2 protein chains.
Amino acid sequence: MAATVTAPAKPDRLPGSRAERTRDTENRILAAALDSFGTAGYDATSLDALAAGLGLSKQAILYHWPSKAALLDAVIDRACLDLVVEFDGVLRDAGEGWERIEAIVRSVFRVTIRRPELLGFVREVSRLGGDAAARISADLEPFVARARGFLQREMDAGRFRRCDPGLLFVSAYSAVLGAATEVEVLRAVGFEPTARSTVVRRRELLSFLRAAIVEP
Amino acid sequence: MAATVTAPAKPDRLPGSRAERTRDTENRILAAALDSFGTAGYDATSLDALAAGLGLSKQAILYHWPSKAALLDAVIDRACLDLVVEFDGVLRDAGEGWERIEAIVRSVFRVTIRRPELLGFVREVSRLGGDAAARISADLEPFVARARGFLQREMDAGRFRRCDPGLLFVSAYSAVLGAATEVEVLRAVGFEPTARSTVVRRRELLSFLRAAIVEP
DNA sequence: ATGAATGTTTACCACTTGGTAAGTGAATCG
DNA sequence: CGATTCACTTACCAAGTGGTAAACATTCAT
């Protein structure tokens with residue numbers, strides 16, 4: 001099971017200082033790795049294929065990170081940063097109570113369309129287990145803690161059904177990620193994952209979540 | 001990322017006719033492959049490791065199936081058979097309406113405890129995509145169709161909230177599988193996946209689903 | 001200008017991978 | 001009993017893996 005990595009061709013001469021170009025190279029490697037890890041999978045991604053897709057040699061990658069595992073760690077941090085930035089931005093302009101959940105769900109669907117590799121990567125890492133999974137947990141822990149706190153406060157205010165906030169989080173997380181990324185299951189129930197069907201899926205998921213969460 | 005495969009040692013002399021012993025060998029290979037594919041992953045499982053764990057040589061496996069991909073297909077069929085048998089058995093003795101969903105959820109949690117590799121394998125195959133994912137969809141299609149029919153009838157009878165049965169199935173499927181298998185996420189919200197916490201998780205998931213599905 | 005640091009390449013290596021070819025001993029069958 | 005089929009092993013291979021060593025070119029600091 002091998003992955004072919006494609007990326008925009010590298011411009012022969014890149015402007016900017018050495019430090020800038022180095023940073024740019026690292027960013028391009030991280031982006032390509034995130035893409036391939038998130039779609040093809042970590043095991044199915046070889047450093048050679050990754051480098052070839054970027055017009056580099058494998059050793060260029062191993063210069064910036066000492067091993068494939070170290071690269072994975074860096075990609076994890078990058079992916080988590082992207083996610084937290086995305087969600088924080090959304091939440092800053094979101095309203096109160098249920099509206100905040102609605103905003104997050106919309107944001108997740110937007111991410112699966114614009115950057116499908118990102119949530120696939122989260123899945124992949126938690127599947128890999130071990131250090132990688134521990135790292136992603138740690139990276140996202142502050143966000144998860146805030147989410148739990150939010151759920152708890154809404155319950156205390158009597159707006160959300162009272163239950164364990166942690167487990168509610170897991171249920172909602174799974175349902176959202178599933179509706180957004182379980183392509184095969186969706187196909188099995190007759191939903192080709194087109195952009196148009198996404199709107200329907202999002203609407204149905206929101207009404208599902210609302211019934212499950214909001215105190216009637 | 002390699003997987004070490006362990007299995008009960010092969011008895012030096014096995015009784016029974018040749019056909020029986022052959023069938024037994026194939027069953028043992030399928031079981032070991034299901035286990036390793038479901039926990040370590042397909043890419044991370046080498047035929048050598050698989051065979052060594054069974055006290056065989058890799059070529060013994062390739063005698064029964066012409067390639068690793070063909071073995072995967074066979075494992076898919078086996079896993080789906082196991083699942084459908086399990087669920088059909090449960091549903092035969094289950095009651096009506098909501099009780100049937102409750103019975104399935106209990107069954108899923110039982111499976112994750114007794115055969116954790118099984119649902120992990122379903123996840124893994126749908127992650128792999130391609131022919132394998134198409135095959136598992138096809139294998140489970142009859143079951144999924146029955147589930148959708150059930151949901152539709154319950155909605156028509158006014159017992160379940162009216163919505164798209166296919167998407168309701170995806171939401172419920174994701175939530176159940178998540179609560180049962182998302183070990184890392186559970187850990188992130190402070191739930192070590194012990195047997196005792198399973199009871200709590202199951203109870204919370206059921207009340208989550210009930211609120212989402214049942215017409216109040 | 002020059003020497004050092006930096007980013008990258010070429011060459012290479014040990015090891016693992018899925019798969020082929022050919023051989024072997026035992027069970028089965030005529 | 002002898003021939004044959006069956007289940008499996010040993011031997012092997014080409015392709016790919018992550019990673020090391022060292023050479024090389026460019027940029028930077030002095």
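Values below: all heavy atoms of this structure, side chains included; hydrogens, waters and symmetry mates excluded. Within every chain, numbering begins at 1; the chains are lettered A, B, ... in the order of the sequence lines, protein sequences first and strands thereafter. What you see is a predicted model, and the numbers here were worked out from it, not measured in a lab.
One can place CD1 of A:I29 at 11 Å from P of C:dG7, the figure rounded to the nearest angstrom. In this entry the distance linking NE2 of A:H64 with P of C:dA5 reads 19 Å, nearest Å. One interatomic measurement links the two molecules: OH of A:Y63 to P of D:dT26, which rounds to 16 Å at whole-angstrom precision. Between A:R21 atom CZ and C:dG7 atom C1' the separation is 9 Å, expressed in whole Å. Computed from coordinates, the A:I61 CD1 to D:dT20 P distance equals 15 Å when rounded to whole Å. With rounding to whole Å, B:D43 atom CG is found 15 Å from D:dG16 atom P. The nearest whole Å value for the distance from the CG atom in B:L54 to the C1' atom in D:dC8 is 14 Å. The nearest whole Å value for the distance from the CG atom in B:D24 to the P atom in D:dA7 is 13 Å.
In this structure, A:T22 does not reach the C:dT6 phosphate: none of its side-chain N or O atoms is under 4.0 Å from OP1 or OP2. Checking the phosphate oxygens (OP1, OP2) of C:dT17, a side-chain nitrogen or oxygen of B:S46 falls inside 4.0 Å.
Residues B:S67 and B:L62 come closest through the heavy atom pair CA-CD2, 3.9 Å.
With hydrogens and angles ignored, the 3.5 Å screen pairs no side-chain donor or acceptor of B:S36 with any backbone N or O of B:A32. Remark: the backbone N or O of B:C163 is not paired with any side-chain donor or acceptor of A:E204 at under 3.5 angstrom.
Within 4.0 Å of A:L47, counting heavy atoms only, lie sugar-phosphate atoms of the nucleic acid but no base atom. Note on B:S57: a base of the nucleic acid sits closer than 4.0 angstrom, heavy atoms only.
Looking at which nucleotide of DNA chain D each of A:Q59 and A:D48 is closest to, the 5′-most match is held by A:D48.
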For residues 101-110 of chain A, please give each side-chain donor-acceptor pair under 3.5 Å, one per line with the distance, not counting sequence neighbours.
from   : atom 1 : to    : atom 2 : distance (Å)
A:E102 : OE1    : A:W98 : NE1    : 2.9
A:S107 : OG     : A:E86 : OE2    : 2.8
A:R110 : NH1    : A:E86 : OE2    : 3.2

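Between the side chain of A:K68 and the base of D:dG19, no donor-acceptor pair under 3.5 Å is found.
Ring orientation note: the planes of B:F208 and A:F208 are nearly perpendicular, at an angle over 60° on the 30°/60° scale.
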